[in-house]
Amino acid sequence: IMKNQLTENQQNAMNIFDDQVISVSDFDGFDWVTLPQLINVLVSEGWTTKSAEGTVGSLFETNHLNKFVNMGVVEYALNL
């Protein structure tokens, strides 16, 4: 699913993630996030936990969120 084919909630979440990367990332080092981090970002923006979990989970069905295992730790990469 391309960015213009995302649901409204998915697009809103990706916009928030874009803003977070631009405003808080040092663009150096780690490119990975955990699911709780993604969910917490949305909750801090006023989303309910259930809505945040569902939206983040649905992003797996798109090409915007990929799962990796790094030294035994499950991590996720956002394709912004």
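Just so we're clear, the structure is a prediction, and the values are computed from it rather than from any experiment.
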Is there a side-chain contact between Asn12 and Phe17 in this structure, where contact means two heavy atoms from C-beta onward sitting under 4.5 Å apart?
no
Test Gln5 against Thr62 for side-chain contact (heavy atoms from CB on, under 4.5 Å), laying out the working first.
CA-CA 9 Å; Gln5 296 174 318; Thr62 72; over 6 Å; no
According to side-chain contact (heavy atoms from CB on, under 4.5 Å), who are the partners of Thr7, at least two apart in sequence or on a separate chain?
Asn9, Gln10
Under 3.5 Å, which donor-acceptor pairs link side chains of residues 38-52 to any protein atom two or more places apart or in another chain?
residue: Asn40; atom: ND2; partner: Pro36; partner atom: O; Å: 3.1
residue: Ser44; atom: OG; partner: Asn40; partner atom: O; Å: 3.4
residue: Ser44; atom: OG; partner: Val41; partner atom: O; Å: 2.7
residue: Thr48; atom: OG1; partner: Ser51; partner atom: N; Å: 3.1

To the closest 0.5 Å, what do you measure between CE (Met14) and OG1 (Thr55)?
12.0 Å
